[in-house]
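Below: one structure, written as structure tokens.
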Number of protein chains: 2
Amino acid sequence: MRERTPTIHDVAARCGVNASTVSRAFTKPERVSPATRDRILAIAAEMGYRPNAIARALPSGRTRTLGLLVPDITNPFFLDLIRGAERAAAVAGYTLVLADTEETSQQETTVVERLTGAVDGFVLASSRASDERLREVHAKTRVVVVNRRVRPLPGVLIDSAHGTRQAAEHLASLGHRRIAYLAGPRASWSDARRWRTLQALARHRDLEVVRIGPLAPTVEGGMAAADSAVLHDVTAVVTFNDLLAIGVLRRLRDRGIDVPGQISVVGCDDIFGADFCHPSLTTLAAPIESAGRSAVDLLLGLLADGPDRPRTEDTEDVVLPTRLTIRESTGPAPASGRARGRSPRQRAATDRRTARAVGATR
Amino acid sequence: MRERTPTIHDVAARCGVNASTVSRAFTKPERVSPATRDRILAIAAEMGYRPNAIARALPSGRTRTLGLLVPDITNPFFLDLIRGAERAAAVAGYTLVLADTEETSQQETTVVERLTGAVDGFVLASSRASDERLREVHAKTRVVVVNRRVRPLPGVLIDSAHGTRQAAEHLASLGHRRIAYLAGPRASWSDARRWRTLQALARHRDLEVVRIGPLAPTVEGGMAAADSAVLHDVTAVVTFNDLLAIGVLRRLRDRGIDVPGQISVVGCDDIFGADFCHPSLTTLAAPIESAGRSAVDLLLGLLADGPDRPRTEDTEDVVLPTRLTIRESTGPAPASGRARGRSPRQRAATDRRTARAVGATR
DNA sequence: CTGAAAGCGCTAACAG
DNA sequence: CTGTTAGCGCTTTCAG
């Protein structure tokens with residue numbers, strides 16, 4: 001930081017050319033005669049010249065930077081997503097700015113406003129903002145949403161409908177008839193979709209599903225909800241995500257309730273840890289890293305369209321499927337499954353209370 | 001993106017003042033008369049004016065952005081670090097740029113060069129670059145290293161020496177006499193330090209330690225190394241990090257070797273998952289999130305010093321301790337511990353081979 | 001193919 | 001307190 005880092009002018013002076021020629025030598029080398037170009041490049045290298053990204057961004061309006069907003073970096077789900085996004089960005093020579101919105105639509109707005117102009121576009125993962133708000137963002141900058149369907153924003157969806165169906169059938173075939181669904185954040189698209197799928201299924205198969213939540217999608221949230229599930233007298237639990245499932249596993253273990261002997265547990269996502277927790281988790285494996293990569297690629301595609309060309313309206317969403325991965329946390333329903341000594345009347349009573357767990361964020 | 005976003009000039013025109021007054025109204029409000037300031041702010045808000053971060057950075061040279069470089073985002077250790085760093089940056093109103101260097105000093109250099117100028121400073125976590133290279137970086141920009149001691153760069157160190165000692169004593173008191181250390185990346189400062197501590201200890205306590213590695217610090221690396229450890233006929237394994245330990249656990253389980261019945265395992269870091277893997281992991285808990293926070297705070301302090309004031313030379317490093325967390329993966333050494341039917345001669349032979357595992361990155 | 005000139009949007013002296 | 005005047009480092013017409 002002692003001596004000023006050399007600029008395009010310093011290089012130009014040493015080469016005996018104009019600054020704009022140096023600029024060209026870097027940005028449009030084909031428009032400079034090979035001789036001068038080589039000389040410029042050589043001298044620039046020798047002087048340790050580095051183009052200043054900020055200065056470059058000002059006139060061009062392109063920062064070659066992308067913003068990735070996640071509701072909670074703490075959550076390993078987003079770890080995988082971040083990884084995918086970072087890789088895709090790096091491959092394209094883009095820089096990734098990471099921000100945590102702390103599960104809050106307000107923080108999300110603040111960050112977007114602060115970063116607008118400083119990034120070429122956003123990937124909003126599991127956004128907690130309203131559809132309307134997202135459309136506003138879409139109106140002023142390039143944006144791709146993940147795990148949200150908001151017309152006409154381009155999006156990447158991990159669709160668990162098929163997986164959820166598989167999971168329900170898996171449980172049904174093991175003799176489970178009464179299942180709890182531990183719900184995630186209120187604003188979650190995936191959550192709503194999963195719950196609807198489950199409900200639809202319940203009508204066709206002979207299944208009862210009770211919904212517990214919304215819950216903070218964390219291990220703590222799962223621990224708290226496990227008690228509700230027990231109270232609701234179910235033989236199987238399907239959770240919004242693996243963190244919740246891991247919390248359930250832990251709490252049931254603490255209480256001496258055997259999994260899958262007494263209760264089966266199905267998670268969702270197959271995050272880091274799902275395969276080595278105990279018992280290992282049956283879960284709906286989601287291609288999270290691909291989702292991150294796809295989102296960035298989609299965004300990059302949008303940027304390539306150029307700011308002038310009419311934005312492709314109502315883009316086809318990228319839909320990534322989920323698939324059931326069976327491990328140790330699911331098994332046959334216990335023989336006397338439904339009763340466990342409580343009357344249907346008692347059960348109905350507890351059903352009506354909607355349990356909530358306000359979990360700290362891990 | 002349809003209509004131009006309003007600039008300071010647009011606001012100035014609407015207010016009937018000069019652009020610089022608008023600028024001041026935002027940056028040094030106390031230097032503008034309350035009346036005009038309020039009018040400017042009101043009109044600016046109404047027009048939806050947002051200061052452009054890029055344009056602001058160009059003249060001031062300060063981007064209010066920090067770069068965080070990690071060798072592998074995939075590794076949950078860095079998840080915690082990223083979280084701490086992100087929080088600290090957010091609190092200070094700074095934006096965090098995240099980059100993965102893929103365990104490569106070359107990538108690290110490239111990224112630093114690309115980002116220099118675009119960020120106010122760097123946090124280099126577990127850098128794989130040479131001391132010399134790091135000093136070069138220090139010469140041209142503000143930088144804080146994590147898990148590296150490179151004079152005179154300011155650094156945050158998670159010092160596992162004390163914890164390692166505790167771990168060794170824990171194992172010794174359980175009757176273990178022959179221990180394997182599964183080493184991490186060659187360029188890791190923490191690794192070197194841990195190994196040296198272990199060696200020093202071995203001399204004082206009646207312990208033998210064999211070193212296996214360097215290994216890719218991943219679950220796969222651990223799985224591969226588990227076989228070496230068995231071959232070396234040890235009763236306990238201490239690993240460079242938890243990922244390695246989890247890999248060992250998994251491999252030993254696959255092979256039907258009981259933990260801690262036949263082999264005890266001690267990890268390091270206490271990452272997400274260490275408490276719910278099976279058996280749960282005895283590990284050296286590291287305050288990773290604090291480390292991330294401290295690193296950013298340290299860097300912010302450096303920036304506050306101003307670019308002119310002589311840089312505080314040879315800063316005191318922030319040293320964070322590690323502490324042993326005992327869980328289920330350690331227990332008494334098996335009765336016939338050392339022998340298991342192999343001669344000391346055979347053992348010596350296998351000792352000499354240094355096992356290596358070239359793990360894919362998870 | 002290369003030079004000259006005009007900014008990008010904002011900050012920062014320096015006057016007044 | 002507010003306006004004027006220069007730029008920050010680079011890109012980009014527009015001439016030549």
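Below, read A as the first sequence line, B as the second, and so on, with proteins coming before strands; counting in each chain starts at 1. All values reported here derive from a predicted model rather than from experimental measurement.
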Review point. What string of B, S and - do you get for nucleotides 8-16 of chain D, 5' to 3', if B is base contact, S is sugar-phosphate-only contact and - is no contact with any protein heavy atom under 4.0 Å?
Key: BBBBBB---

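- Under the 4.0 Å criterion applied to side-chain N and carboxylate O atoms, A:R151 and A:D317 are assigned as salt-bridge partners.
- Residues A:F78 and A:P71 form a side-chain contact, since some pair of their non-hydrogen atoms from C-beta on lies under 4.5 Å apart.
- When rounded to the nearest whole Å, the span between CD of A:E30 and C1' of C:dC1 equals 12 Å.
- Of the residues A:E102, A:E103, A:E108, the one that meets the salt bridge (Lys or Arg N to Asp or Glu O under 4.0 Å) test with A:R128 is A:E103.
- When A:D10, A:I43, A:I8, A:L41 are each tested for a side chain to side chain contact (heavy atoms under 4.5 Å, CB included) with A:Y49, only one passes: A:I8.
- Taking atom CG of residue B:D10 and atom P of nucleotide C:dG9, one finds them 9 Å apart after rounding to whole Å.
- Rounding to the nearest 0.5 Å places CZ of A:R135 at 15.0 Å from NZ of A:K140.
- Going from atom OG1 of A:T21 over to atom CD1 of A:I40 covers 6.0 Å, rounded to the nearest 0.5 Å.
- Listed by first and then second residue, the salt bridge (Lys or Arg N to Asp or Glu O under 4.0 Å) pairs involving residues 36-48 of chain B are B:R14-B:E46 (not counting sequence neighbours).
- Axis angle, first five pairs versus last five pairs of the helix from C:dC1-D:dG16 to C:dG16-D:dC1: 40°, rounded to 10°.
- Residues A:R56 and A:T27 meet the side-chain proximity criterion, which asks for heavy atoms closer than 4.5 Å.
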